[in-house]
Trainee: 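Pasting a structure below so you can have a look.
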There are 2 protein chains.
Amino acid sequence: MKLSNGVEWALHCCVTLGQSQNPVSAARLAKLHGIPPAYLAKHLQALSQAGILHSTPGPVGGYALTRPPARISALDVVRAIDGPEPTFRCTEIRKRGPLALPPEECMNACAVSRAMATADAAWRAALEGVTIADLTQDIDADSSGTAMSGVREWLAGAG
Amino acid sequence: MKLSNGVEWALHCCVTLGQSQNPVSAARLAKLHGIPPAYLAKHLQALSQAGILHSTPGPVGGYALTRPPARISALDVVRAIDGPEPTFRCTEIRKRGPLALPPEECMNACAVSRAMATADAAWRAALEGVTIADLTQDIDADSSGTAMSGVREWLAGAG
DNA sequence: GTATCTCGGATATCTGACATCCACGTTATA
DNA sequence: TATAACGTGGATGTCAGATATCCGAGATAC
Ligand code: SF4
Ligand code: SF4
């Protein structure tokens, strides 16, 4: 029951990309965050396939957001990195053992699955209500308005 | 981001134990559900240490609930089996890289951690609102009132 | 046209979950 | 008291998935 730590990197990369008008390469994003470049590339590919990022090859290529940050929710990023599978997957043990139910009584999800699905929906709803723009604003406020300007400055410089 | 499947077994065992006045041994619980006995014993021990089950050694021993089913929430079981750790754990990458923040700005949790913690709280709240008694009632209703009577009959018999 | 920079998928390693077993202490029964 | 049944805790093996890395295909600037 642990979330892939790649989610944290992906969220930070989305916030960073929201501050840049030009594409940023995976290598520079990795250097900015101090994380292994080869592994970050893997996650950026997942974001690209999910339609959150747009990749441009070539010497001045890199990644850029496809939508404004206010249109990207944290749930989009989590789903792209961690996969769309629900946290709880029923093993159907009600069909096993001496009291196995007949298949005609297993058509719909059982009570346990329903309860877990409800909790999962609540989790996703909370994540869907937070956008990259919200995170950007909060991070900037936490740093008294210096974080994002620092990022923009670093992106403009050589790195 | 996947929940241990032992949670499913533990929930079913709690529902089953709610139907019995006498302790039930781990071997019989495993046979009833058709799952590996040696592994189920491990999870039952976790439930026992969490204070959800009370174990009685000896020839007629076994496990029994310490509280009425209405007083045991699904969250209690999940926490006992899967651990109390939150789903998201910050790697503190804001302290790494060329734009590392000074430690005095990292005293409180960042925006990303707060958003994840909020979603996690929503998930736990949904799970806390469901009790073993609720699950028992729903499962019985799904089977048109035959499931729990079948369980009681099987527990009374030889197995 | 070519050199270079980038993404993309394929590959290797490593952790933690899954599953099992056994020796031990405890308890009810004969 | 002797015995059988049961939970407890640790040690062990196995395996899927996360972690981490590499090199080739393709596009762009010069
Ligand atoms: S009760 Fe639900 S979770 Fe349990 S085995 Fe049946 S379908 Fe799966
Ligand atoms: S912004 Fe939050 S999640 Fe990201 S590195 Fe900082 S403390 Fe961790």
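The sequence lines fix the lettering, A, B, ..., with proteins before strands; numbering per chain opens at 1. Keep in mind that the numbers below use all heavy atoms, side chains included, and drop hydrogens, waters and symmetry copies.
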Trainee: In whole Å, what is the span from the CG atom of B:L3 to the C1' atom of D:dG17?
Mentor: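 The answer, rounded to whole Å, is 16 Å.
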
Trainee: Check whether NZ of the Lys or CZ of the Arg A:R124 lies under 6.0 Å from the centre of the six-membered ring of B:W123 and within 45 degrees of that ring's axis.
Mentor: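 The answer is no; the distance or angle limit is not met.
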
Trainee: Looking at every strand, decide which applies to A:A26 at a 4.0 Å heavy-atom threshold: base, sugar-phosphate, or nothing.
Mentor: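 The residue A:A26 makes sugar-phosphate contact but no base contact.
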
Trainee: Starting from P on C:dG16, measure out to CD on B:E85 and report it in whole angstrom.
Mentor: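 About 11 Å, once rounded to whole Å.
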
Trainee: In Å and rounded to the nearest 0.5 Å, what is the OH to CD1 distance from B:Y39 to B:I35?
Mentor: 10.5 Å

Trainee: Taking all non-hydrogen atoms of both residues, which atom of B:K31 and which atom of A:P98 are closest, and how far apart?
Mentor: O-CD, 3.1 Å

Trainee: Which residues, if any, of residues 4-18 of chain B bring a heavy atom under 4.0 Å of DNA chain C?
Mentor: B:S4, B:N5, B:W9

Trainee: Select one nucleotide: of D:dG7, D:dG10, D:dC22, the one nearest the side-chain heavy atoms of A:A38.
Mentor: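 Out of D:dG7, D:dG10, D:dC22, the nucleotide with an atom closest to A:A38's side chain is D:dC22.
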
Trainee: Using whole Å, report how far CZ of B:R89 lies from C1' of D:dT19.
Mentor: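 Checked: the CZ to C1' distance equals 19 Å.
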
Trainee: Name every residue in residues 45-58 of chain A that has at least one heavy atom under 4.0 Å from any atom of DNA chain D, in order of residue number, or write none if there are no such residues.
Mentor: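 Result for residues 45-58 of chain A: A:P57, A:G58, sorted by number.
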
Trainee: Nearest whole Å is fine: how far is C:dC7 C1' from A:L29 CG?
Mentor: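 In whole Å, C:dC7 C1' lies 13 Å from A:L29 CG.
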
Trainee: Among C:dT27, D:dT28, C:dG8, which is the nearest nucleotide to the side chain of B:P59?
Mentor: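 Given the options C:dT27, D:dT28, C:dG8, the side chain of B:P59 is closest to C:dT27.
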
Trainee: Checking side chain to side chain contact (heavy atoms under 4.5 Å, CB included) against A:R79, which of A:I81, A:D82, A:L75 comes through?
Mentor: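 So, applying the side chain to side chain contact (heavy atoms under 4.5 Å, CB included) to A:R79 and each of A:I81, A:D82, A:L75, only A:L75 qualifies.
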
Trainee: Indicate, yes or no, whether a donor-acceptor pair under 3.5 Å links the base of D:dG10 to the side chain of B:K42.
Mentor: yes

Trainee: Is there side-chain contact between A:T136 and A:Q19, with at least one heavy-atom pair below 4.5 Å?
Mentor: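 Yes; the side chains approach each other to less than 4.5 Å.
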
Trainee: Using whole Å, report how far NZ of B:K2 lies from P of D:dA16.
Mentor: 12 Å

Trainee: For A:T131, does its backbone N or O pair with a side-chain atom of A:D134 as donor and acceptor, under 3.5 Å?
Mentor: yes

Trainee: With a non-hydrogen cut-off below 4.0 angstrom, is A:A27 in contact with a base, only sugar-phosphate, or nothing?
Mentor: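 Here A:A27 touches no strand at all.
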
Trainee: Respond yes when some side-chain nitrogen or oxygen of B:Y39 is under 4.0 Å from OP1 or OP2 of C:dC18, and no when none is.
Mentor: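 Checking C:dC18 against B:Y39, a side-chain N or O does come within under 4.0 Å of OP1 or OP2.
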
Trainee: What's the shortest heavy-atom distance between B:L40 and B:A26, and which atoms?
Mentor: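 Looking at all heavy atoms of both residues, the shortest contact is CD2-O, 4.0 Å.
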
Trainee: Separation of A:I81 atom CD1 from D:dA20 atom C1', in whole Å?
Mentor: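 In whole Å, D:dA20 C1' and A:I81 CD1 are 15 Å from each other.
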
Trainee: With side-chain hydrogen bond (donor to acceptor under 3.5 Å, both in side chains) as the criterion, how do A:E8 and B:T91 come out once you've worked through the C-alpha distance, each side chain's angles and the decisive distance to 0.1 Å?
Mentor: CA-CA 8 Å; A:E8 182 180 359; B:T91 320; 2.7 Å; yes

Trainee: Report the distance from atom SG of A:C13 to atom NE2 of A:H33, rounding to the nearest 0.5 Å.
Mentor: 5.0 Å

Trainee: How many Å lie between CD1 on B:I35 and C1' on C:dT20, as a whole number?
Mentor: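 From B:I35 CD1 to C:dT20 C1': 14 Å.
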
Trainee: Just the rounded figure in Å: distance from P of C:dT20 to NE2 of B:H43.
Mentor: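 Between P of C:dT20 and NE2 of B:H43: 11 Å.
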
